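Report on the structure given below.
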Amino acid sequence: MNRRLFLTLLGVSPVLAAAGAGGAGAQGLLTTADLAQTAMPLWEAWKSAYLRPEGRVVDGLQRSASHSEGQGYGAVLATEFGDLAALTRILDWTETNLSLRGDGLLAWRYLPDEANPVPDLNNASDGDLFFAWALVRAAARFNERRYLARAQITAQALVTRCIVPNLATAGEMILIPGAQGFVHADRVVFNPSYFMPRAMREVATATGVVELAQAAGHAEQILARLAQTGPVPDWVQASASGLGAAEGFAATSGYEAMRVPLYLVWSGLQRHPAVTQMMQVYDRNVLPGAPVPTRIDPATGAVLEASNDAGYRALAALVSCAGTAGQAGSDMPAFDPNQPYYPATLQMFAMLAANQVSPECVPI
Amino acid sequence: MTVVFRHLMAPLALAALLAQGLPALAQSSAIIPLPGAGDPAGALSPVDFDRLNADRLDAERHRGNFVEEIAEAPAILSPLRPIEARGRPAGSAIRFDGERRVLQFALFVPQPDQVRALRIATLSSINVLPERSRYRAYVNDTFVGEGRLENFTGPVAVDFPLGPATLLRGQNNVRIELVQYHRIYCGPEASFALWSDIDLALSGAVLASAEGLTGTDGFMMGLAGAAAIGSGIEIRGAEGLGDYRDEWVSQITQRISSALGGDPIPFRFTDYWSVQGTARSASRVTFLPSTVNRLSFRASGDGAQVMVVEFIPGQRPQALPEFETLLPRVSARAQPTLIATQEPVPLADFGFETTEVYDRYARIEQRFRLPDDYIVLTNDKAEIKLDYIYVPELPLGSMMLVHINGTNIRLLPLTGEAGELIEQFPVRFEARHLRAGINTLAFEVMVPGAPADMPCPTAEAPVLAIGQSSTIQVPYSPSMYLPDMHIAFAGLTPQSVVVNEMSDRAFDQNDVVTLRAALSGGERSDAATLGARLHLLAIDDLGSIPTGGYQISRAAIEAAMLDDTPLAAAPLDAPSGHALLRVQERGESTAVLARGWDWLKSGFATALQWLQPRSGALLETWLAEQDAQAVLLQLDPARPTQVWLVRAPGSDISALASAIVAARTTAEGPRGQVAVLDRQGRWQSWTAPDRQPVLLEPVTLGNIRHVVGNFVSAMPIRYVVGLFFLALVSALFALRLVIATREHRA
């Protein structure tokens, strides 16, 4: 692959890049801050609530399980806050307990109360992606090349096992959720919320595994097509007949897909159609003090479920703020360490995304 | 077995992997096998895959709390805001005690057509008789409903339907009149046992939805909410204000404080990114740097009403004029009326209105103000001429007590002449009970139960009325000043608060802002020229207080503020060591002599104290008896406009600020040289017995009698001793003269 192609793959597709160039940033006066200086109490609260001393990130609602996703998320957060001790604990525990496949990918779940705590060696590609991303960022932040070496193994394994051709569009590649179970003879099932363009590009840049950057570009285009008719659904299948609702899955846009606009904003794509679609849902339905929509019917935009967890409100606030040109200040609530792991972590990510991409979206 | 093996091998493999560089790593397939064609997880059947991944693929029910079917906007409550400062913020409840009380509240309604009802949540003492005890609620003088006082275990709310016609956009007035009876007894004692609380956090206007609750009125509603739930008001992003931070913050906090009235609300600074505290934030001011100076009001995601202040960095608040004028001034904490001397002044002139008493026990207070240079220390008399009437056949023992500044000056039995208006009944009293500044005239009515061991009959008619045409006349005073902190205290303004480099040991940034905001409003009209100063001190900095000849030690202050701290913390050999310890050190054989010697010493000290009071010893003894949250000091009479404040560790700044606000308009505020705010929120004052009046005008024939009278009355023994000495010298001189004239000449 020549240098020009590589750079093209690392960049955002021209249309989306142009669309995402808004973000005036409180008229440009609020800038990205070092969260280790300005938001350390949040990280301490998150650690205290969800990170065990041995480095295991616990999802209390799911039988106190740990997932590769959570370990990757925790590692990204620890790196962002410059907490080398926490990062080391997370990496050590993960390598010991989830890195069992032998190919560098992580088993997707750890169940502490089971005789065999890792009954399924299948991986979750988003967990692996965030794990690799954390390593890439940690390598730079802590000047530690060993992390980069480990990230390269994961990146290469992801490309080998979890990036497959898109049966709906020739020439496109899709990041599938795991090495097993998602590729069928006539269709490929994928989860759009596993696409994190920024992470894919940064890992590609750092490790030289350019296929990830290529897949990131394709992911943005796939998401744009999915968002043409409404919010992006949780699960989608690609087949010769095109993109559509995945067989056997609820056709809703819920707890999975809510990450799509978050990741797009974090990737600097505030004007991406998937962000705009979700922003419209939030603008219609989010009221101060009232529960925030968490499951939506993509076809009608009807709200199926709502939650009072602060993390979901933070997500909605980030999307609405970042997606609105000239907006100063967002409606993100204070971080609530009493909410479950998942919304709490999304709330931390919303803060990271706002700080890095839309610093004008500080909470009012 | 494979899994176990991998458990053991994985860390070793990683360690080996990480120990090598990237190129070596890629080749180390013996340790970490590179991906092959087959997946390491092995082949799974679709059934196994679905079983193992059920949670993963259908995570809908595992991702959050409080999942609700369809979001329905909850009812929003615009809480009641008491207009008067209570001086003792006690959570979210406001207490009605006695048999009848009327309290006024402000209610902020952004959109009247959104209001469904007025909600009142009450909790009563078990002594309250529910069948006859009730409250009535009025909104803008329109009756909206009556409720029974029947909740004894926890606050229970009742909704009274409320239409938009009754309400005004913005501030409304809510009046709650409460009547309660004892379920067993009748009489003053029974009256003392009656109370009902209104829970402010649960009471107010019920709004249909949160839509449209922005703007100034929404923000005021949020402020009332912050007061009701005790969360205080957040100030976010103030660090970005740079050099003009204090100006911006002072201005907005003082405007908020003036707009809200009542007990002050604490302010706290937060970062943009913060962790949710125990109390929900109801109101906030957020500063955002911008290219324009602009104000807007928004409802934040957490339900807080937010004033967003966009500012151009490097500019002063004056660049945003509406910053000063936007919030309405809801209530002014006015000083009591200054009355004239040497002439009858109708009580109506200083706000007293004809009052009817229905209760078995009632205390009616009215405050007025005398000039700051008013002193009468002689036995001159003041006089109240009272117009009152009471009903016939009141039980034996019914009486009305008249008090001036807490001192009973007259007991009026409510017997005889019943049913007739008693006009201009003279009540003469010693004018020395009056003070410069604020004074309180109180009427205390007590009507025993008849019988006392049965509930009182329903009282629909008053038992007594006091007319506003009653008068008070106070005698002449020369222009004199008696050292006292009340003048400085009444003149404090936000600009009066002074901090030094050690203040932050006791007062953080939030405390200073809260105090400054609390001091906006309620000051004297001449406060600007008075230039009063309130120095915030850490206890380590007590040495910086000018003592003006008094003695006060750190141990004494600590004894007042810290529980169980002995005043005599000094070493045994110190002069102030406890006498008992010294006695025990002596031998048994000398014990009787020692006791006798101590008795003599004690008697001498007592006599000396009587002849020439030594304030230091008295002050330290007094302080040792206090249980203080804060101590105010003004020991140096040469600095009459300065006060020094020391607070106890862990004391609540909002309680302190509330007590200061309430005290500025009452006579029960800090007086004298040292004042202590006790744990019950009351001010206890210590006045030096040896303080001397200062004459502020020339001595003339017209005032000399009063001036000399005041000086002599302030320290009579000093003049007695002086005159005695003069007489002795005169006698000696006369004796010497006699002897000299009768000597035989040589």
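Just so you know, these numbers come straight off a predicted model, no measurement behind them. So you know, we letter chains A, B, ... as the sequences are listed, proteins then strands, and number each from 1.
Rounding to the nearest 0.5 angstrom, the gap separating the CE atom in A:M348 from the CH2 atom in B:W273 is 10.0 Å. Between the CD atom of A:E360 and the OG atom of B:S290 there is a distance of 11.5 Å, given to the nearest 0.5 Å.
No part of A:A317 comes within reach of chain B, as not one of its non-hydrogen atoms sits under 4.5 angstrom from that chain. For a residue to count as touching a neighbouring chain, one of its non-hydrogen atoms must lie under 4.5 Å from one of that chain's; by this rule A:A344 does not touch chain B. With a 4.5 Å cut-off on non-hydrogen atoms, A:L346 does not touch chain B at all. Heavy-atom distances place both the backbone and the side chain of B:V275 under 4.5 Å from chain A.
The most heavy-atom pairs under 4.5 Å with chain B, out of A:A124, A:A179, A:P337, come from A:A124. Among B:G301, B:S300, B:G303, the residue making the largest number of heavy-atom pairs under 4.5 Å with chain A is B:G301.
Although no hydrogens or angles enter the test, the distance criterion places no donor-acceptor pair under 3.5 Å between the side chain of B:R298 and the main chain of A:I364.
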Item to check | Residues B:D271, A:T38; criterion side-chain contact (heavy atoms from CB on, under 4.5 Å); working and verdict | outcome: CA-CA 7 Å; B:D271 294 321; A:T38 60; over 6 Å; no

